[in-house]
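Each remark here refers to the structure printed beneath this line.
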Amino acid sequence: MQLFKNFCDYTLDDNGVLNSFKLKFEDNYNFGYDVVDEMARLAPDDTALVWTTPDNETKTFTFKDISVLSNKAANVFKANGVKKGDKVILILKRNYEYWYVIPALHKLGAIAIPATNMLTVSDIVYRIKSADIKYAVVTNEGDTASDMLKASEQAPLNKVFVVRKDMENTINLTAEVKAADDTLERIDTKADEPILLYFTSGTTGYPKAVMHNHSYTLAHIVTAAFWQNVQEKGLHLTVAETGWAKASWGKIYGQWLCGCAVMVYDFDAFSPNKLLNIIETFKVTSFCAPPTVYRYFIKSHMEKYDLSSLKHITTAGEALNPQVFEKVFEKTGLKLMEGFGQTESVLMLGNLNGSESKPGSLGKPTPLYDIRIVNDEGEELADNEVGEIVVFPSEKQYGIFMGYCGDEELYKNVWRNGVYHTGDTAYRDEDGYYWYVGRIDDLIKSRGFRVGPFEVENEIVKHPAVIECAVIGVPDKSRGQAIKAVVKLADGYEPSKDLEQDIKHFANSRLASYKHIQLLEFIDEMPKTISGKIKRTTIREEVSE
């Protein structure tokens, strides 16, 4: 059952590519009632979720199961004081409870705040205080529950729910849900009210609290139906953990609206071989992961696995190296379809289903967004000129966040001059495809030229010894900034002066002279944000010059 067709009008061009899209929904639209419960009514036995672990524990949930469990969970939360507008932090990793807790909170009109289990006690305290969080729902694994209790001593919470475990000063959510009533009278909520809040993992400063309303779930129809190309009664796997916005992109909203089941592999340590085995064993039909995952797949000989069930593959989160595109195509016969968006949005740019993708390109703007490239003065730039990606809003701009919780000034700043400033730079080619350059703060100014880190990194990672790299600018008297590469080597390679020179020569021979690497340093591990993004600011501060 492809329920999404009830919530939008759209047209496709002669090649089957989406070329117009308009949402339509009632003022009281609520994903919990109008999607989860409706799917349970229309297709009760269709699979909604397949969950498995490295220990081969597996559970399958139908849409009827999710509807019933979300009603039960909503009743448990309501009985414990959770009400409309209350903020609830969720640290559930990839535990299957997430998939009925989220719609339960949506039904109540509460605001869910998904977060990663990598947070420290001080991280949690910051979030509780800055967002006025009242409740927590957490995994029973590791130190998460005890850390939450420690945090609540500094920033009091009303209740802490723990899944599948009895623990002092907490509520065993699993036991309570099992005993709860499975009927729930609809609670009045509005589509323009907040339901989700994500703390971004910025590379500088404190995390920003990004708020989305109910219509955000519908804006992900474009993400799932027309970019990820998920199939009715198919099985989609997005790698992201539930603490990140990418889980909203690929693990629930658009997929269920399309009648597609979600595949969840509940792991702690990433293993490319085990993940490939999941795709093979469970016959995953569509898959999405950052380019780094595909690089590990290539080095793990992905051609040894039966991936014939895969019909469509996508990538986002980092810029895609064309060599990765070519290798994956060589081994699977599938073209990686890259996309671009932010925690603050749904898919903004993409190589949409049916389009001819350009390897390494972010694609073209989706019909949801009027996207342009502008300079520092806000003037629109011509083709092939590097500038900031901005969004000129339509009358009703769905999919873009409704505000930063507790920071109205920051929200006004990103919407300065009436347009949304993404903070990312790119250029548009003569065919209308966008090419990523980097974050504004990461641009290197060398010898009067503006150099994006990715265009240099793109050549470095083609060297067989390189698994990851980051390019930064460092002070230089003659150039203004010199270009420096920081490199993590692949297994089987050891740092040496000869290898340093070899990598520099390899990359520089493929780069324009003003992009040449002057300095190169090896590093054991890249400093990263808790969402896995390389922290160039930390590299600039810590590596030797």
Side-chain angles (χ1 to χ4, degrees), residues 1-8 10 23 25 29-53 57-74 92 94-107 177-178 182-184 186 214 217-240 242 247-266 278-288 308-314 353:
M1 178 69 191
Q2 293 185 313
L3 204 60
F4 81 86
K5 294 178 180 179
N6 295 343
F7 295 104
C8 64
Y10 67 93
L23 285 176
F25 54 89
Y29 164 76
N30 183 303
F31 181 83
Y33 302 115
D34 299 319
V35 178
V36 171
D37 288 354
E38 188 67 0
M39 285 297 294
R41 185 181 73 84
L42 297 171
D45 298 325
D46 282 5
T47 301
L49 178 71
V50 179
W51 175 88
T52 192
T53 71
E57 183 183 0
T58 300
K59 291 180 179 291
T60 300
F61 298 84
T62 65
F63 282 105
K64 179 66 174 177
D65 294 332
I66 298 295
S67 176
V68 168
L69 286 166
S70 64
N71 280 353
K72 284 172 163 279
L92 288 169
R94 296 177 179 86
N95 296 174
Y96 59 79
E97 286 85 359
Y98 178 86
W99 281 267
Y100 66 76
V101 166
I102 276 278
L105 294 174
H106 293 347
K107 288 177 178 181
V177 166
K178 186 176 181 180
D182 65 1
T183 59
L184 180 70
R186 182 165 183 149
H214 288 267
T217 66
L218 291 175
H220 273 306
I221 291 170
V222 174
T223 308
F226 302 107
W227 175 54
Q228 293 170 343
N229 193 28
V230 305
Q231 301 299 301
E232 182 179 5
K233 296 189 178 182
L235 187 60
H236 177 78
L237 173 56
T238 282
V239 175
T242 61
S248 287
W249 284 48
K251 297 181 100 77
I252 184 166
Y253 299 122
Q255 294 69 38
W256 283 359
L257 277 155
C258 293
C260 180
V262 173
M263 179 77 226
V264 177
Y265 179 42
D266 194 352
I278 292 295
I279 296 171
E280 177 183 69
T281 301
F282 289 90
K283 307 300 180 187
V284 171
T285 55
S286 52
F287 179 75
C288 186
S308 59
S309 63
L310 279 177
K311 306 304 178 189
H312 199 79
I313 53 176
T314 48
N353 182 43

Spacing of [X] atom [atom1] and [Y] atom [atom2] [to the nearest 0.5 Å]:
X      : Y      : atom1 : atom2 : result
Met39  : Ile66  : CE    : CD1   : 11.5 Å
Leu69  : Tyr100 : CG    : OH    : 6.0 Å
Gln228 : Ile313 : CD    : CD1   : 12.5 Å
Ile102 : Glu97  : CD1   : CD    : 13.0 Å
Lys5   : Leu257 : NZ    : CG    : 13.0 Å
Met1   : Phe63  : CE    : CZ    : 11.0 Å

Considering non-hydrogen atoms only, spot the tightest contact between [X] and [Y] and give its length.
X      : Y      : answer
Asp45  : Thr62  : O-CG2, 3.7 Å
His312 : Trp227 : NE2-O, 2.8 Å
Ala73  : Ala104 : CB-CB, 3.7 Å
Val239 : Arg94  : O-NH2, 2.9 Å
Ala247 : Thr242 : CB-CA, 3.7 Å
Ile279 : Ser309 : O-OG, 3.8 Å

Next item on the list: Would you check if there is a donor-acceptor pair between the side chains of Ser286 and His236 at a distance under 3.5 Å?
Entry: yes

Note to self: We want to know whether Thr223 and Tyr253 form a side-chain donor-acceptor pair, criterion being a heavy-atom distance below 3.5 angstrom.
What the structure shows: no

Those residues that, when tested against [X], pass side-chain contact (heavy atoms from CB on, under 4.5 Å) (two or more places apart):
X      : value
Ala225 : Phe4, Ile221, Cys258
Asp182 : Val68, Lys72
Arg41  : Glu38
Val262 : Leu49, Trp99, Lys251, Gln255, Trp256, Val264

Note to self: Between Val50 and Leu235, is the side chain to side chain contact (heavy atoms under 4.5 Å, CB included) condition met? List the steps.
What the structure shows: CA-CA 8 Å; Val50 179; Leu235 187 60; 4.0 Å; yes

Please enumerate all residues that pass salt bridge (Lys or Arg N to Asp or Glu O under 4.0 Å) together with [X], with sequence neighbours excluded.
X      : answer
Glu232 : none
Asp46  : Lys233
Lys107 : Asp37

Counterpart residues, ring pair (Phe, Tyr, Trp, His ring centres under 6.0 Å), relative to [X] (two or more places apart):
X      : result
Phe226 : Tyr10
Tyr96  : Trp51, Phe61
Tyr33  : none

Notebook entry, point to check: Below 4.5 Å, heavy atoms only, C-beta onward: do Val35 and Thr217 meet side chain to side chain?
Noted result: no

Item checked: Heavy-atom check, side chain of Phe25 versus side chain of Asp34, under 4.5 Å -> no

Notebook entry, point to check: Hey, does the side chain of Ser70 reach the backbone of Ser67 with a donor-acceptor pair shorter than 3.5 angstrom?
Noted result: yes

Note to self: So, using side chain to side chain donor-acceptor pair (under 3.5 Å) as the criterion, who are the partners of Thr285 when residues are at least two apart?
What the structure shows: none

Item checked: Lys283 atom NZ, neighbour heavy-atom count above 12 within 6.0 Å -> yes

Margin query: Please determine whether side chain to side chain contact (heavy atoms under 4.5 Å, CB included) holds for the pair His214 and Phe31, giving the CA-CA distance in whole Å, both sets of side-chain angles, and the decisive distance to 0.1 Å.
Written below: CA-CA 7 Å; His214 288 267; Phe31 181 83; 5.6 Å; no

Check: Taking it one step at a time, do Asn229 and Lys311 satisfy side chain to side chain contact (heavy atoms under 4.5 Å, CB included)?
Finding: CA-CA 9 Å; Asn229 193 28; Lys311 306 304 178 189; 5.8 Å; no

Item checked: Inter- and intrachain pairs under salt bridge (charged side-chain N to carboxylate O under 4.0 Å, His left out), touching residues 220-230, at least two apart -> none

Check: Run the side chain to side chain contact (heavy atoms under 4.5 Å, CB included) check on Phe287 and Thr238 step by step: do they pass?
Finding: CA-CA 6 Å; Phe287 179 75; Thr238 282; over 6 Å; no

